[in-house]
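Report on the structure given below.
A note on names: the letters A, B, ... follow the listed sequences, proteins ahead of strands, and every chain is numbered from 1.
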Amino acid sequence: MNYLEGLNQPQQEAVKHSDGPLMIIAGAGSGKTRVLTYRTAHLIANGVDPFQILLLTFTNKAAGEMRQRVEKIIGNDAKNLWMGTFHSVFAKILRFDGRHLGYTSDFSIYDTDDSKSLIRSIVKERGLDDKVYKANTVFQRISGAKNRLIGPDEYANNPIISADDTAAKLPDMGKLYKIYALRCFQANAMDFDDLLFNTNTLFRDHPAVLDKYQRKFKYVMVDEFQDTNISQYLIVKKLSEISQNLCVVGDDAQSIYAFRGASIDNILNLEKDYPNMTTIKLEQNYRSTQNIVEAANSIIAKNKNQLKKTVFTENEEGSLIELIKAGSDNEEGRLISTHIFESKMNLGLRNTDFAILYRTNSQSRAFEESLRKLNIKYRIIGGTSFYQRREIKDLLAYFRYTINQNDEEAFKRIINLPKRGIGDTTIAKISITANEQQISVWEVISNIKQYQTGRLSETIENFADLIKSFKIMAESGKKDAYEVASHIAKSSGLLKELHEDKTVEGLSRYENVQGLLNSIKEFVDNPDEGVEDKNLNTFLQTVSLMTTADQDDPDGDNDRVTMMTIHGAKGLEFNHVYVVGMEEDLFPSQMMLQSRADLEEERRLFYVAITRAEKKLMMSYAETRYQWGRLKPCEPSRFLDEIDPKYLQFAKNIRRAVEDTAKLPQGFVRMTNREQKIPDFGTSNNPTPANILIQRPRPAVVGNTYKPSADFAPSDTKNLIENDRVEHLKFGFGKVKKIDINGTDRKATIQFEGTIGEKTLLLSFAKLRIL
DNA sequence: TTTGCGCGGGTTTTT
DNA sequence: CCCGCGCAAA
């Protein structure tokens, strides 16, 4: 058994253990993926049918990689393994067996936006105050209940919950939950929590179905077990009830998803549920230097709530953790980027060797700007992902509605898109008719002439006919997902509308939609393992459960610096890691401390961040940070004091870059652009306005403090700017073609010709505002 | 029915 | 700062 070579004692034990419950406590960098892979291969080598193995991972990508690694050892059989995230695997099961609960196999999946939008409508319909019943709050309460497996009826009848809701001044929560659940059901839709909740219900109420899967999955393995919630745990517990072959791998020190119901108790209490469980601890770290491992240990030691283990390493001592103090968030960006640049030069490293980790997505901005200035390629994982973009969600809503006409949220999105003159009033009328007649909205609009006459009935009929034609095409089976999708994109008028929009934003939208169509083409041409059909429905399913880590790079160039939140970095490792934004209230997050009073989870998050580094770890904090347009003073994070000081040193030889935003060279006026979203940059939650430097060779506005009200005359500016050279910090260069100044509010609309990347474009009607 | 504007509120992490 | 909402005007 060559695959046991090179494994240490506990690793081998874990690989060889086949039957009976097994818990592997795997410290950071202790080779748990390897153990899981080999264990899977070992089972198959010993005669277990791959069909009988279920492996739940945290991302689909991780599952894919693991499948490949197993394939290398045991060959083609690996294709038959069931692997994926909880959500994707159980969505698949619900497609097969959801009919027992009254769902059809083409149920829609509501994302968080859909759920909140539905909640908003329900709150509105019931005449409740939407400032009290905030969509976010209501959603979180419902989600929390579902994750604890509390259904709507139980919720409404539970006196403790009611008392809590009343105390929170939300007495109608029970009703809202009921209506929300009913509306989702009527829409033949499940939200993320439902995928787990309904699987539990399915297994609870339909023993025959449970029995089928219990017999199918003889071996159940769960990766990142510390991040499962009760609902997920109960599913795997039920599945492995008969075989007792449950193997979980996790690290309580890396549990960072309590906010979505993950319970560290799952791992702490597992031994109670499985008295004869074998526990194996993997404590040797193969990833990081001694300094990094020990610094991480010194942090996590402060937590009370944890299992005992000692992570150690036999790697070299390595350098100390360096700490950088920056004057501002922008300077932080410049210092880190410069450091990356110099490390690349001095050590001959590649971009992929570096990662910048931060607490919140919005922090990416300063690093994007500075990396771009140094011509260092980067990629951002997470943030507003591709599939969250408006135009993408719009087109996906068309697909969803084509497949499922009960999908209320998809309907709301597309009924007046592109504009057909069907507004809220008309939709409300249709909805009332549907209610009166006790039929669905789709039945009303697809037979609109029976129910309504007048100016709009024609338009509505056209819409219904359009959807019907899509439906026929999708169901005929003659066309693949790509053909159907591009037909829908064209015939719906979405593509046309975007194509006519010549603004930068419009262009990038158009390109995004093309990108979506291309990815469907790819999906059709090389479907993933385990995907049987190439129809639109299957594509939709895949897409709605994509995790942010599953995103592919936009082009073939993979040598990029990675930027992401610490949550996104789970399971990854990098040669050099920069943990940035080490400021009190930012990390540890003030929000987290207020709402959950859980400093320990933030500390575990810090632990995760530190242990991503192999060779070099650097941390930085800024003394001031731009927030809501203001410069806010910051305090260094308490976490910096918690690291044993012997592992820490202030960075030497850090070159302070010139404060280029505060002290613009003479003859420059700084302008910002509110409306413009930049194609490559619209990825963080809080994209910064594009900065535009306008060369202005007049002494009137020279200087750092420019007071628009006193010496600013619109016509004057118009003369100054037109035909001037424009340097767009993010786009490149260009020439101003036309300027419109809008009165006294210091807003200007300019049209200029410039370059984005390598393409020359006419950028039109960017709205500018002079600072 | 759409659009533009002023106002108030939020502000974390993800399937 | 950014977003969403309500209101008024086109």
Side-chain angles (χ1 to χ4, degrees), chain A residues 56-60 84-91 109-113 115-117 120 124 130-131 134-137 140 143 146-147 190-197 224 227-229 231-232 255-262 357-363 365 381-385 387-388 390 416 419-427 455-456 459 544-550 564-570 581 585-596 598 601-602 604-605 608-609 625-632 672 674-675 677 684-689 742 745 747 769:
Chain A
L56 297 162
T57 57
F58 206 73
T59 63
N60 294 306
T85 62
F86 272 92
H87 292 267
S88 64
V89 166
F90 296 115
I109 294 173
Y110 277 0
D111 68 10
T112 313
D113 283 348
S115 301
K116 286 184 188 165
S117 149
R120 260 190 289 272
K124 205 176 250 178
D130 59 1
K131 298 212 169 81
K134 285 179 199 152
N136 225 341
T137 317
Q140 274 178 21
S143 169
K146 280 184 188 161
N147 285 330
M190 300 190 197
D191 66 19
F192 289 133
D193 303 314
D194 284 334
L195 294 173
L196 307 173
F197 184 87
E224 308 281 8
D227 288 319
T228 53
N229 58 35
S231 178
Q232 291 167 319
S255 165
I256 53 174
Y257 280 97
F259 70 90
R260 73 171 199 218
L357 308 181
Y358 35 74
R359 180 72 232 285
T360 70
N361 281 306
S362 58
Q363 284 167 257
R365 191 221 74 219
I381 295 182
T384 310
S385 81
Y387 294 103
Q388 308 265 346
R390 177 159 60 83
N416 200 24
K419 299 263 178 326
R420 314 171 214 279
I422 308 174
D424 293 346
T425 326
T426 318
I427 298 169
R455 187 167 52 88
L456 280 173
T459 328
S544 39
L545 293 170
M546 285 273 241
T547 65
T548 50
D550 291 331
M564 61 192 150
T565 62
I566 301 168
H567 283 90
K570 193 164 70 145
D585 293 349
L586 183 62
F587 188 29
S589 148
Q590 189 183 24
M591 278 271 98
M592 185 68 131
L593 296 187
Q594 269 172 11
S595 62
R596 315 186 52 92
D598 197 351
E601 174 151 327
E602 291 288 297
R604 289 193 294 268
L605 200 53
V608 169
R625 190 169 285 280
Y626 278 96
Q627 205 174 18
W628 312 320
R630 276 161 212 295
L631 210 53
K632 194 192 91 176
T672 62
R674 281 188 53 180
E675 269 71 22
K677 294 256 163 51
S684 71
N685 262 350
N686 191 11
T688 306
N742 167 11
D745 63 1
K747 279 187 185 169
R769 194 165 58 113

Whole angstrom is fine here: how far is it from [atom1] in [X] over to [atom2] in [N]?
X	N	atom1	atom2	value
A/Leu357	B/dT14	CG	C1'	16 Å
A/Ile427	B/dT2	CD1	P	9 Å
A/Phe197	B/dT15	CZ	P	22 Å
A/Asp227	B/dT13	CG	P	16 Å
A/Gln590	B/dG10	CD	P	14 Å
A/Arg359	B/dT11	CZ	P	14 Å
A/Gln140	B/dT14	CD	P	14 Å
A/Asp598	B/dT12	CG	P	17 Å

Atom pairs, protein N/O to nucleotides 8-10 of chain C N/O, distance under 3.5 Å:
none

| Using 30° and 60° as the class limits, which term best fits the ring planes of A/Tyr257 and A/Phe58: parallel, tilted or perpendicular? | tilted
NA contact type, [X], heavy-atom cut-off 4.0 Å: base, sugar-phosphate, or nothing?
X	answer
A/Lys134	sugar-phosphate
A/Thr426	sugar-phosphate
A/Tyr257	sugar-phosphate

| said: Within this structure, what is the CZ-CD distance for the pair A/Phe90 and A/Gln232, rounded to the nearest 0.5 Å? | reply: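 Reported to 0.5 Å precision, the distance equals 8.5 Å.
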| Got a second to check how far A/Gln363's CD is from A/Arg625's CZ, nearest 0.5 Å? | 5.0 Å
| request: Would you kindly compare A/Phe192 and A/Asn136 by the position of their nearest DNA chain B nucleotide and give the one closer to the 5′ end? | output: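 Mapping each residue to its closest nucleotide by heavy atoms, the 5'-most match is A/Asn136.
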| message | Let's test your reading of the model: under 3.5 Å, does the base of B/dT15 pair with the side chain of A/Arg260 as donor and acceptor? | response | no
| message | Regarding B/dT14, can its base be found pairing with the side chain of A/Thr565 as donor and acceptor, where the two atoms are less than 3.5 Å apart? | response |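 Between B/dT14 and A/Thr565, which were checked side chain against base, a qualifying N/O pair under 3.5 Å is absent.
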| Side-chain N or O of A/Asn229 less than 4.0 angstrom from OP1 or OP2 on B/dT15? |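 Answer no for this pair, as no side-chain N or O of A/Asn229 is under 4.0 Å from OP1 or OP2.
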| said: I want to check one thing: is the phosphate of B/dT15, taken as OP1 and OP2, less than 4.0 Å away from some side-chain N or O of A/Asn60? | reply: no
Of the listed nucleotides ([options]), which one gets closest to any side-chain atom of [X]?
X	options	answer
A/Asn416	B/dG10, B/dT2, B/dT12	B/dT2
A/Ser589	B/dT14, B/dT12, C/dG6	B/dT12
A/Lys124	B/dT13, C/dG6, B/dG10	C/dG6
A/Arg120	C/dC5, B/dT11, B/dT15	C/dC5
A/Thr85	B/dT15, B/dT14, B/dT11	B/dT15

| field | Which residues share a salt bridge (charged side-chain N to carboxylate O under 4.0 Å, His left out) with A/Asp585, sequence neighbours left out | value | none
| Who passes salt bridge (charged side-chain N to carboxylate O under 4.0 Å, His left out) against A/Lys570, sequence neighbours left out? | A/Glu224, A/Asp227
| Would you say A/Arg120's side chain and A/Ala135's backbone share a donor-acceptor pair under 3.5 angstrom? | no
| So A/Leu605 and A/His567, side chain to side chain contact (heavy atoms under 4.5 Å, CB included) or not? Walk me through it. | CA-CA 7 Å; A/Leu605 200 53; A/His567 283 90; 3.6 Å; yes
| query | Is there ring stacking between A/Phe259 and B/dT13, where the centres must be under 5.5 angstrom apart and the planes under 30 degrees? | reply | yes
| task | Test side chain to side chain contact (heavy atoms under 4.5 Å, CB included) on A/His87 and A/Ile109 and set out the steps. | result | CA-CA 11 Å; A/His87 292 267; A/Ile109 294 173; over 6 Å; no
